[in-house]
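Read through the structure below, which is laid out as structure tokens, and then see the notes.
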There are 2 protein chains.
Amino acid sequence: MKKYISILKTTKLFAGVSEDEIGAMLSCLDARLHEYKKGEYVLRQGEHLNRITVVVTGELHVQRDDYWGNRAIVNRIGVGEMFGEAYIAPESGAILNDVVAVEDSTVICFDVRRIITVCSSACRFHSMVVQNLFFAVSEKNRTLVQKLGHISRRTTREKLISYLSEEAKRQNSPSFAIPFNRQQLADFLSVDRSAMSNELCKMRDEGLLTFEKNQFHLLSGGLV
Amino acid sequence: MKKYISILKTTKLFAGVSEDEIGAMLSCLDARLHEYKKGEYVLRQGEHLNRITVVVTGELHVQRDDYWGNRAIVNRIGVGEMFGEAYIAPESGAILNDVVAVEDSTVICFDVRRIITVCSSACRFHSMVVQNLFFAVSEKNRTLVQKLGHISRRTTREKLISYLSEEAKRQNSPSFAIPFNRQQLADFLSVDRSAMSNELCKMRDEGLLTFEKNQFHLLSGGLV
DNA sequence: TCTTTTCCGTTGTAAATACAACCGATTTAT
DNA sequence: ATAAATCGGTTGTATTTACAACGGAAAAGA
């Protein structure tokens, strides 16, 4: 556990908290370490959640498969990111999606309920963590709205443009890598992979962008 | 302002706070009342937000129109509900959507930043409000994920089924009213109105449900 | 009351999508 | 090193959707 404290320090959850202080909080947050192999389920739809989980190595996807096998990727959780913040409020209900390791992953989960509900002066940095949590949920909220903006577009091309331009803006460059392969991107945008692949190539042929694997480049005169 | 305190008391923001205490907090939260006519913009995409707004009469839509006139309704804010919670964190950026009054509406907005960032003991109920805010953002988060679940479905029918079943579950009855007319529902689900209308009638003819105006009834053997 | 506007179902057509199947290239596993 | 699996592009077809246009009914406004 100790060796991951430097990673924890970089997370939104522990922003503004020193490594020593994180170390001191671990027991009071009942921190537990778990490991998952690629493809393993961290959590399944319908389960109840009372812990926040931070990824320290690997990557998780929040996703859901419907009856017909269509997968929808709601979110990806990379190193230093977390999930479960939105479910620590009482009566949050069951989670709506599966959480799956898309690579071999290590996570640390925390029982943060006690520091939310009891007086925040129990530990000196509790109130800081509570505020961090609030900001983190807020940010995830804005991310979800942004994602809604992508998939509420009518056509595959519009969805791609919406997503890719935002990613370029976020990474502050017309050249950037995306954290998905083709199938995952299709699942993220809720479209068919082959249709999307087709559309991407059309866009490339029209001079809007170039790409190789997961590296994209938006061309001036095209999308930027 | 005073006359709306009874409504404020029912909101998620002031849960657990008495009317007297709300009254005392109004000035410290710099509460301001605003009125909007049906169709008026409360906020436009690109603006920056630093206040939380609670609806006390009427109804707002959080929505966005694209270049071609396609409208996407992200959320509706009814009486007692609020918006802006996710933007009080510093560096939240500009809001991504418009907020529009779909009926004549009255809102009260608050400057909650000070109670988030400064020590929460300034007022006795500040910490309660902070916690309420956190829970509210969490709940909105879960709602957004649920909405993502609807519109990530591939076909109009699946989107309708996803939305209507959830609404039945939420209202705890196979018979329920929805807060949208047809055009609004189509914008909410990001589909074409006429195509959706068509699909609804097909579903009715197939015996899955009945409806009249915004009143729906899911039939056993059909969707329930 | 009369007019105007909104609402919602209907239809036909063009466009876009999903789906399945295939294949070569690359990566991973044995 | 070889086999197996994954990945990504391509194509054709059936399905689904968007779009435009229309009209009757209901609601809103004058």
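Just so it is clear: chains get the letters A, B, ... in the order the sequence lines come, proteins before strands, and each one is counted from 1.
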Counterpart residues, ring pair (Phe, Tyr, Trp, His ring centres under 6.0 Å), relative to B:Phe83 (two or more places apart) |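 For B:Phe83 there are no ring pair (Phe, Tyr, Trp, His ring centres under 6.0 Å) partners, ignoring immediate neighbours.
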
Could you tell me which residues satisfy ring pair (Phe, Tyr, Trp, His ring centres under 6.0 Å) with A:Phe134, sequence neighbours excluded, listed by chain and number?
->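 Counting only residues at least two positions away or on another chain, A:Phe134 forms no ring pair (Phe, Tyr, Trp, His ring centres under 6.0 Å).
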
Hey, does [X] reach any base, or is it just sugar-phosphate, or nothing, if we go heavy atoms under 4.0 Å?
{"X": "B:Asn181", "value": "sugar-phosphate"}
{"X": "A:Arg193", "value": "base"}
{"X": "B:Asn214", "value": "nothing"}
{"X": "B:Thr155", "value": "sugar-phosphate"}

Would you say B:Asn50 and B:Ile88 make side-chain contact, with heavy atoms under 4.5 Å?
->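 B:Asn50 vs B:Ile88: side chains apart.
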
Nucleotide interval of DNA chain C bounded by contacts with chain B (heavy-atom cut-off, under 4.0 Å) =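 Terminal contacting nucleotides, 5' to 3': C:dC7 to C:dA18.
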
With nearest nucleotides of DNA chain D determined for B:Lys213 and B:Ser194 from heavy-atom distances, which residue corresponds to the more 5′ nucleotide?
->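 This one resolves to B:Ser194.
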
In terms of the nearest nucleotide of DNA chain D, which residue is placed more toward the 5' end: B:Met196 or B:Lys38?
->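 Here B:Met196 is the residue nearer the 5' end.
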
Can you give me every donor-acceptor pair (side chain of residues 172-179 of chain A, partner residue at least two apart or in another chain, under 3.5 Å) with its distance?
| unit_1 | atom_1 | unit_2 | atom_2 | d |
| --- | --- | --- | --- | --- |
| A:Ser173 | OG | A:Ser175 | N | 2.9 |
| A:Ser173 | OG | A:Ser175 | O | 2.8 |
| A:Ser175 | OG | A:His217 | ND1 | 3.4 |

Excluding sequence neighbours, so at least two apart, what forms salt bridge (charged side-chain N to carboxylate O under 4.0 Å, His left out) with B:Glu81?
->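 B:Glu81 satisfies salt bridge (charged side-chain N to carboxylate O under 4.0 Å, His left out) with no other residue.
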
Without placing hydrogens or testing angles, list every side-chain donor-acceptor pair under 3.5 Å for residues 180-187 of chain A, not counting sequence neighbours.
| unit_1 | atom_1 | unit_2 | atom_2 | d |
| --- | --- | --- | --- | --- |
| A:Asn181 | OD1 | A:Gln183 | N | 3.1 |
| A:Asn181 | OD1 | A:Gln184 | N | 2.8 |
| A:Arg182 | NH1 | A:Lys213 | O | 3.0 |
| A:Arg182 | NH2 | A:Lys213 | O | 3.0 |
| A:Gln183 | NE2 | A:Asp187 | OD1 | 3.2 |
| A:Gln184 | OE1 | A:Asn181 | N | 3.0 |

Salt bridge (Lys or Arg N to Asp or Glu O under 4.0 Å): which pairs involve residues 42-55 of chain B, sequence neighbours left out?
->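 Those involving residues 42-55 of chain B are B:Asp30-B:Arg51.
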
Which nucleotide of DNA chain D is the first, and which the last, in the 5' to 3' direction, to come under 4.0 Å of a heavy atom belonging to chain B?
->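 In short, chain B contacts DNA chain D from D:dT16 to D:dA27.
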
Considering residues at least two apart in sequence or located in another chain, which fulfil the side chain to side chain donor-acceptor pair (under 3.5 Å) criterion with A:Arg204?
->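 A:Arg204: no side chain to side chain donor-acceptor pair (under 3.5 Å) contacts found.
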
Pairs in or reaching into residues 31-52 of chain A: which pass ring-ring contact (aromatic ring centres under 6.0 Å, His included), with residues at least two apart or in two chains?
->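 Sorted pair list comes back empty.
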
Axis-to-axis angle across the helix from C:dT1-D:dA30 to C:dT30-D:dA1, five pairs an end, to 10 degrees?
->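 Taking the rotation axis at each end, their angle is 60°.
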
Which one of A:Thr53, A:Val99, A:Leu60, A:Val102 satisfies the side chain to side chain contact (heavy atoms under 4.5 Å, CB included) criterion with A:Ile77?
->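 By the side chain to side chain contact (heavy atoms under 4.5 Å, CB included) criterion, A:Ile77 pairs with just one of A:Thr53, A:Val99, A:Leu60, A:Val102: A:Leu60.
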
For residues 140-158 of chain B, pull every pair meeting side-chain hydrogen bond (donor to acceptor under 3.5 Å, both in side chains), keeping only residues two or more places apart or in separate chains.
->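 Output for this query lists A:Ser92-B:Arg142, B:Glu85-B:Lys140, B:His150-B:Ser162, B:His150-B:Glu166, B:Thr155-B:Glu158, B:Arg157-B:Glu199, B:Arg157-B:Glu206.
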
